[in-house]
Amino acid sequence: MKEQLRLALLSALKQCYVDGSLTSGELPEEVQLEIPKNSDHGDFSTNLAMTLAKPEKMAPRKIAEALVAVLQGNPLCDKIEIAGPGFINFRLTATCWYDVLDQIFAQGCDYGHSTIGHGTKIQVEFVSANPTGPLHIGHGRGAVVGDAVAAVLQAAGFEVQREYYVNDAGNQVVTLGRSILLRLRELQGEKIDFPEDGYQAEYIVDLASKFRSEVGELNNLSEDEAIQSCARFGVTEILKWIEADLQKFGIKFDHWYSEKNLYDQGMVDRQLDELKQKGLSFEQDNALWLRTTAFGDDKDRVLIKSDGSYTYFASDVAYHMEKFDRGFNRVIDVWGADHHGYIPRMKAMLTGLGHPPEDLEVLLIQMVNLLRDGKPYIMGKRSGNFITLRDVIDEVGRDACRFFFLMRRCDSQLDFDLELAKQQSSDNPVYYVQYAHARVCSINRNAEEAGTKQLQPKDVDYSCLKLADELALVKQLARYPETIVGAALGYEPHRIVFYLQDLAAQFHSYYNRHRVLVDDPATTQARLCLANAVRIVLANALRLLGLSAPERM
RNA sequence: GCGCCAGUAGCUCAGUUGGAUAGAGCAACGGACUUCUAAUCCGUAGGCCGAGGGUUCGAAUCCUUCCUGGCGCGCCA
């Protein structure tokens, strides 16, 4: 709809140049068409005349007049007006809007999808929490946002892979192994002094006892072997929890990528060699450094420490290069905002290795402040006192929890008060949206009980939908596809949430003002179509965000 | 000290990437269920868009300087 109008405008402009009413010959790279806030200003509005004022050296309103003279009589438009400093406002014909309903019924659950991504391969890597403990609320936010971003990109025609990077190599895994081993010895009756830097939490004891019953005791192994064995066991078990938690949240990854595997395959060393060959790394103080300052970072970064062990940055370099080797055109990392300091070094590394830095997009997820009764709940893996993501899902509910995380743009902080989330559950916005969906289903049931058979859209007279409320609703439905495109290109799934709330509000309002099932059969049929078009779009958007669309509530 | 993110109604936040008179939800107040589900709707009230300066036809949005809050600034992860 918008596109057709855009084309009409462009050809009108060309026509003006041909007939000489405009002279600059300037063609804007983009004709901006927006939906005015105030519906008195029409369905669409363009500032084209204003942007041409300078090259054309003419008053905007004069330019607008020239354009409108050509556009007058366009079949799409009911009314074209010049307003304010030089806006051109368009009101489209009702029939033109009714086409949207046909599109919705024809496309069904695909309505809203587009091909704007042209199959570009994008990988979204998210959560990637260390397998040393259960997921907490902050991971939950990253999980939901990452999942929704991936879904929205898919809907916009990108080819998307969801990946979880498993940090199963490195220090924290050794710490995990040692912690389990110590608890195991404790279970065997030894008196141990649990170190400060071990993982203190209760689940370590559970793991130790599970280890004892499934694997046995480790008296024959050396200390290192025992730690290794405990670590492997711990990582496997914890990954099972994580996967189960995510599944409970409705999130499924296409691929789990092991850091350890990266080392085992020699990919880290190969990548370090390449850096050396390209002269990007250097040795100093017995360590190997990457010269990231050459590409905008404020200091150089260590790849191999002076004790010979690798930093995380080393494997991150190899990992990210490997992503591009796998054929992704663009790579998205979803990180906690506390890692934002890593972005310059990652971009520097990419630039050094010949990738445009825009190929990596990092989405920073701001902190979640977990509260209970208004009091902050301190989270820390080592403190031993935390509420897991699973606890939250169980307490608040999956839909409400997901919705809550998606309601805000991800770069603003979020207060998550458990008591509030529960208390509000009866008037939680997610139910508001779902209720709209359930209402349409209920209308359908009533129609069926009353013996009203719903006609095929082609047999329905849409011109019965002449109320302002009805046209406004259709126009809102027409905006859904572009909402997805905007959400995808900006990596902003929250836009879908706001769209859903707007659509639900408009429908609730309409429902309270007018009956769908009325005496006149033609009107009833048309309104049933409208209501069901709303239902389809609500269901599509809810599904996109991983939320359920209940048929009754 | 340097960097990143934020600052919009009493509270929580949107604001279509620079457009016309800045919006919604809670909270407050007043109304609507013999009518398709009241988990709903209608109405009232609420603003120096943190502050100053700049860019232009036009700024909550862009540039700049401050102020406030959060987070980073390791051969930690």
Side-chain angles (χ1 to χ4, degrees), chain A residues 32-38 40-41 45-47 50-51 53-54 59-60 83-87 89 130 132 167 170-173 175 197 284-289 298-299 301-313 336-344 364 366-367 369 381 407-415 417 420 424-436 438-447 449-450 452 479 482-483 486-487 489-490 492 494-495 497-499 501-502 504-505 507-518 524 527-528 531 552-553:
Chain A
Q32 287 182 42
L33 262 183
E34 61 156 26
I35 299 169
K37 276 177 255 180
N38 186 338
D40 291 344
H41 296 140
S45 166
T46 184
N47 60 356
M50 281 132 89
T51 59
K54 201 168 264 180
F87 291 104
N89 295 338
N130 285 341
T132 53
N167 291 119
N171 261 329
Q172 82 287 346
V173 174
T175 305
D197 63 351
Q284 186 185 308
D285 302 331
N286 234 355
L288 183 70
W289 299 69
D298 8 325
K299 21 183 126 161
R301 305 295 173 177
V302 171
L303 293 163
I304 302 180
K305 298 181 249 180
S306 54
D307 67 0
S309 64
Y310 296 79
T311 62
Y312 262 58
F313 185 47
D338 52 339
H339 289 74
H340 70 258
Y342 265 63
I343 297 176
L364 294 176
Q366 272 294 349
M367 303 287 111
N369 301 313
K381 274 194 181 172
M407 254 171 27
R408 294 170 168 66
R409 19 180 325 149
C410 62
D411 51 10
S412 64
Q413 290 186 38
L414 170 63
D415 285 340
D417 191 311
L420 213 64
Q424 282 184 342
S425 68
S426 64
D427 60 349
N428 190 308
V430 70
Y431 300 116
Y432 179 85
V433 173
Q434 289 177 326
Y435 187 51
R439 267 191 157 161
V440 182
C441 295
S442 170
I443 294 171
N444 286 338
R445 286 191 295 271
N446 283 312
E449 268 175 43
T452 305
R479 299 184 64 173
E482 60 201 76
T483 303
L489 298 182
E492 294 178 324
H494 76 276
R495 292 198 200 185
V497 174
F498 283 92
Y499 174 84
Q501 296 189 96
D502 287 344
F507 179 72
H508 283 310
S509 175
Y510 174 71
Y511 177 92
N512 273 273
R513 232 192 276 265
H514 311 287
R515 288 183 58 86
V516 171
L517 307 176
V518 290
T524 297
R527 290 184 176 177
L528 273 171
R552 52 178 93 227
M553 291 173 73

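Convention: sequence-line order gives letters A, B, ...; per-chain numbering from 1.
Under the stacking criterion of a centre-to-centre distance below 5.5 angstrom and an interplanar angle below 30°, H494(A) is not stacked against the six-membered ring of A14(B). Ring-base stacking between H508(A) and A38(B) is not satisfied when judged by a centre separation under 5.5 Å and a plane angle under 30°.
In this structure, Q501(A) atom CD and G25(B) atom C1' are separated by 7 Å, rounded to whole Å. The distance from atom CE of M50(A) to atom P of A59(B) is 11 Å, rounded to the nearest whole Å. F498(A) has its CZ atom 6 Å from the P atom of A14(B), to the nearest Å. Atom CD1 in I35(A) sits roughly 12 Å away from atom P in U16(B) (whole-Å rounding). Distance, D197(A) CG to A77(B) C1': 13 Å, rounded to whole Å. Distance N428(A) CG to U40(B) C1': 15 Å, rounded to the nearest Å. The nearest whole Å value for the distance from the NE2 atom in H339(A) to the C1' atom in G74(B) is 13 Å. Atom CG of L33(A) and atom P of U16(B) are 16 Å apart (whole Å).
Evaluation of atom-type donor-acceptor distances gives no pair under 3.5 Å for the side chain of T311(A) against the base of A77(B). The base of G72(B) is not paired with the side chain of D338(A) by any donor and acceptor separated by under 3.5 Å. For Y499(A) against A14(B), a side-chain-to-base donor-acceptor contact under 3.5 Å is absent. Interface remark: the N89(A) side chain does form a donor-acceptor pair with the A20(B) base, using a distance-only criterion of under 3.5 Å.
A syn orientation is assigned to U17(B), its glycosidic angle lying within 90° of 0. Glycosidic conformation of C49(B) is anti; the angle lies outside 90° of 0.
Taking only side-chain nitrogens and oxygens, N446(A) comes nearer than 4.0 Å to OP1 or OP2 of U37(B). The shortest distance between the side-chain N/O atoms of K299(A) and the OP1/OP2 oxygens of C2(B) is not below 4.0 Å. Proximity of K37(A) to the phosphate of A20(B): a side-chain N or O atom is located under 4.0 Å from OP1 or OP2. Put simply, R445(A) has no side-chain N or O that comes within less than 4.0 Å of OP1 or OP2 on U37(B). Phosphate contact (OP1/OP2 of A39(B), side-chain N/O of Y435(A), threshold under 4.0 Å): present.
With hydrogens and angles ignored, the 3.5 Å screen pairs no side-chain donor or acceptor of W289(A) with any backbone N or O of L303(A). Checked by atom type and distance alone, the side chain of H339(A) never pairs as donor or acceptor with a backbone atom of L364(A) at under 3.5 Å. A donor-acceptor pair under 3.5 Å is absent between the side-chain atoms of S45(A) and the main chain of N89(A), judged by distance alone. Distance alone, capped at 3.5 Å, places no donor-acceptor pair between the Q434(A) side chain and the M553(A) backbone. No donor-acceptor pair under 3.5 Å is formed between the side chain of S509(A) and the backbone N or O of A505(A). Judged by distance alone, with hydrogens and angles left aside, the side-chain atoms of N428(A) form a donor-acceptor pair with the main-chain N or O of V430(A) at under 3.5 Å. Here the side chain of T524(A) pairs a donor or acceptor atom with the backbone of V518(A) at under 3.5 angstrom. Looking at D285(A), its side chain never comes within 3.5 Å of a backbone N or O of A287(A) through a donor-acceptor pair. Side-chain atoms of R527(A) come within 3.5 Å of backbone N or O of R515(A) as a donor-acceptor pair. Of the possible polar contacts, one joining the T175(A) side chain to the N171(A) backbone as a donor-acceptor pair under 3.5 Å is found.
Among the heavy atoms of the strands lying under 4.0 Å from R552(A) is at least one base atom, whether or not backbone atoms are also near. Within 4.0 Å of S509(A), counting heavy atoms only, lie sugar-phosphate atoms of the nucleic acid but no base atom. Note on A53(A): nothing from the nucleic acid sits closer than 4.0 angstrom, heavy atoms only. Among the heavy atoms of the strands lying under 4.0 Å from Y432(A) are primed sugar atoms or P, OP1, OP2 only; no base atom is included. A450(A) comes within 4.0 angstrom of no nucleic acid atom, judged by non-hydrogen atoms across all strands. Across all strands, D285(A) comes closer than 4.0 Å to base atoms (heavy-atom distances). As judged by a 4.0 angstrom heavy-atom cut-off over every strand, S45(A) is placed among the base-contacting residues. Among the protein residues, R515(A) comes within range of the nucleic acid bases, having at least one heavy atom under 4.0 Å from a base atom.
Across G23(B) and G46(B), the matching C1' atoms stand 13 Å from one another, rounded to whole Å. The separation of U65(B) from A22(B), taken at their P atoms, amounts to 30 Å, rounded to a whole angstrom. Here the separation of G7(B) from G54(B), taken at their P atoms, is 24 Å to the nearest Å. Here the separation of C33(B) from U17(B), taken at their C1' atoms, is 44 Å to the nearest Å. Straight-line distance between the P atoms of C5(B) and C63(B): roughly 11 Å, to the nearest whole Å. Going from the C1' atom of G70(B) to that of G10(B) covers 23 Å, rounded to whole Å. Here the separation of U68(B) from G50(B), taken at their P atoms, is 16 Å to the nearest Å. Using atom C1' as the reference point in both G18(B) and A9(B), the two lie 24 Å apart (nearest Å).
Cation-pi contact between R439(A) and F507(A): absent, since separation from the ring centre below 6.0 Å together with deviation from the ring axis within 45° is not met.
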So what does the secondary structure string of RNA chain B come out as, 5' to 3', with Watson-Crick or wobble pairs under 3.5 angstrom, [ ] for crossing and | for pairs with another strand? (((((((..((((.....[...)))).(((((.......))))).....(((((..]....))))))))))))....
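In the set A20(B), C36(B), C75(B), C75(B) carries the atom at the smallest distance from any side-chain atom of W289(A). Between G19(B), A38(B), C75(B), one nucleotide has an atom nearer to the side chain of Y511(A) than all others, and that is A38(B). Of the candidates G19(B), U21(B), A39(B), the closest approach to any side-chain atom of Y431(A) belongs to A39(B).
Salt-bridge annotation for D307(A) and K305(A): absent, with no side-chain N of the basic residue lying under 4.0 Å from a carboxylate O of the acidic one.
Note on ring orientation: taking the six-membered ring where Trp is involved, the planes of H494(A) and F498(A) are perpendicular (angle over 60°, cut-offs 30° and 60°).
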Each nucleotide N or O in nucleotides 4-10 of chain B that has a protein N or O under 3.5 Å away: list the pair and distance.
unit_1, atom_1, unit_2, atom_2, d
C5(B), O2', D411(A), O, 2.9

Grab the N/O contacts between the protein and nucleotides 43-46 of chain B below 3.5 Å, and write none if there aren't any.
none

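Annotation for R552(A): atom CZ does not count as buried by contact number, only 12 or fewer foreign heavy atoms lying within 6.0 Å.
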